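Fair warning: this is a prediction, and the values are worked out from it, not measured in the lab. Every chain is numbered from 1, with letters handed out A, B, ... down the list of sequences.
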2 protein chains.
Amino acid sequence: MPERGRPRTFDRTAALRQAMELFWAKGYEGTSMAELTAAMGISSPSLYAAFGSKEALFLEATDYYTRTEGTEIWTALDEAPTACQAIENFLRQTARAYSQNDRPQGCLIALGALHKDSSSGAICDDLRRRRAENHTLLLRRLERGVAEGELPPGFDSDAAATFYATVQHGMSIQARDGASCDALMATVAGAMAAWQGLAGTA
Amino acid sequence: MPERGRPRTFDRTAALRQAMELFWAKGYEGTSMAELTAAMGISSPSLYAAFGSKEALFLEATDYYTRTEGTEIWTALDEAPTACQAIENFLRQTARAYSQNDRPQGCLIALGALHKDSSSGAICDDLRRRRAENHTLLLRRLERGVAEGELPPGFDSDAAATFYATVQHGMSIQARDGASCDALMATVAGAMAAWQGLAGTA
DNA sequence: TCCTTTATGTAACGATCGATACATAAATAT
DNA sequence: ATATTTATGTATCGATCGTTACATAAAGGA
């Protein structure tokens, strides 16, 4: 029973990836249905039959983004033996991923829809929720550092997580301005220079 | 000879301020001419006669923005006696300005047009140029710190300026996510914790 | 007073926006 | 073979996009 009726003639996942790259490069509002259908290689009715609407397509595209792009950024968090190395790897992987030339620069979650419009309200909220989730991942790793005794008991994990998440968001804009991986690494060095000050004198 | 023909019936500067606030809140692409004329209280032909086009209006609005909004952020840079205090005041003023409730959160220069569209190409480039100017202001202040002996000769002023500019850009997104002034101050504390590491062991 | 100049108000321009109606094609179910 | 279900292709929907003709109103210059 998996297939009834006429089978679709295009690869749904491949079309979704094309949509993701377009949204990634131009944002939600900046991407038109005409551009989407052209990039995905399908007609407008096929797109609506397969994905529902432009808004639903964006939500599915961001979900696909989090599952396929920049995963090395977040796996680095848990695999590093110390919280310090975890944060540094997190930022270094970010610098590398954001400056790749074979894909849009910066992060779709950070840049996809920053302005709360009447049409993109749900989109904006969804991205905001995903940013909050990323903040939580940083927070959990830092709290683990406190639990393991690497960081002092009075360490403000939430403030530190906010700081490093904010640095990452800034790196998206920096990458959009054409910064190279080396230039992004300068920001990483600055952010890691803060580690001793944050961990030492809490 | 200052006035020939029928005088305009609206305050051009007041209308420009309304346009600025709208662009600030919703971005270039996200703001429509209908919204602009409604907020400015004028008709479409009056807008075009006074400002030329939507693109020209945005450029003039961003110029008005830099002359009127957040000036305390940049004056703090030169007035502080030390580079360290200059950067800290710069960031603290940023935290305060970005979280005000009587105006849009974050920075128009950082958030106004991040996606290089076919229509907003010139807009995007103009904002990018303004961000580069802000980076230069930070760079000059740090170089002055080196010249005055506050910072060691090998201090990488450019890398530090990039770091602090990136933190400020991230604070725009953080502010858009609803962060309070106190929450932004956590990021400021993190960024300033990096100072000793950057200035000490260069 | 007449002419020029600039601004306003109404109305609408062509283009593009996101989204669909409709008929047809291709598969399974009975 | 017929009915049902799903996808495709063409053509277009009403709404909104940024922009502008056109006639009229209000000022200064001759």
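- A salt bridge does not link B/R17 with B/E21: every distance from a Lys NZ or Arg NE/NH1/NH2 to an Asp or Glu carboxylate oxygen is 4.0 Å or more.
- Applying the ring-ring contact (aromatic ring centres under 6.0 Å, His included) test to every pair with at least one member in residues 98-127 of chain A, sequence neighbours left out, gives no pairs at all.
- Taking atom CG on B/L47 and atom P on C/dT8, their separation rounds to 11 Å, with Å as the unit.
- In this structure, A/F58 atom CZ and C/dG18 atom P are separated by 13 Å, rounded to whole Å.
- At whole-Å resolution of the value, CD in A/E3 and P in C/dA26 are 16 Å apart.
- Between B/Y164 and B/W195, the two ring planes are tilted [angle within 30° to 60°].
- Distance, B/R8 CZ to D/dA25 P: 21 Å, rounded to whole Å.
- When each of A/G5 and B/S53 is assigned the nucleotide of DNA chain D with its nearest heavy atom, A/G5 is the one assigned upstream, toward the 5' end.
- Regarding B/F51, its CZ atom lies at a distance of 16 Å from the P atom of D/dG18, rounded to whole Å.
- Using cut-offs of 30° and 60° on the angle between ring planes, the pair A/W74 and A/F90 is tilted.
- Counting to the nearest Å, the C1' atom of D/dT8 and the OH atom of A/Y48 are 16 Å from each other.
- In this structure, A/R130 does not pair ionically with A/E133, as no charged nitrogen and carboxylate oxygen lie closer than 4.0 Å.
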Using a cutoff of under 3.5 Å, can you pull out all pairs of nitrogen or oxygen atoms linking the protein to nucleotides 9-11 of chain D, with atom names and distances?
none

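- For the pair A/R4 and D/dT6, the criterion of a side-chain N or O lying under 4.0 Å from OP1 or OP2 is not met.
- A cation-pi contact, defined as under 6.0 Å to the ring centre and within 45° of the axis, links A/R8 to A/F10.
- At least one side-chain heavy atom of A/M185 sits under 4.5 Å from a side-chain heavy atom of A/R92.
- Under the 6.0 Å distance and 45° angle rule, A/K54 does not count as a cation-pi partner of A/F23.
- In this structure, the separation between CD1 on A/I123 and CG on A/D117 is 11.0 Å, given to the nearest 0.5 Å.
- Atom CG of A/D11 and atom P of D/dA7 are 15 Å apart (whole Å).
- For DNA chain C, no neighbouring residue in residues 19-36 of chain B is found when judged by any heavy atom under 4.0 Å.
- Here the C1' atom of nucleotide D/dG18 and the CG atom of B/D117 are 14 Å apart, to the nearest Å.
- Listed nucleotides: D/dA26, C/dG18, D/dT19. Nearest to the side chain of A/K54: C/dG18.
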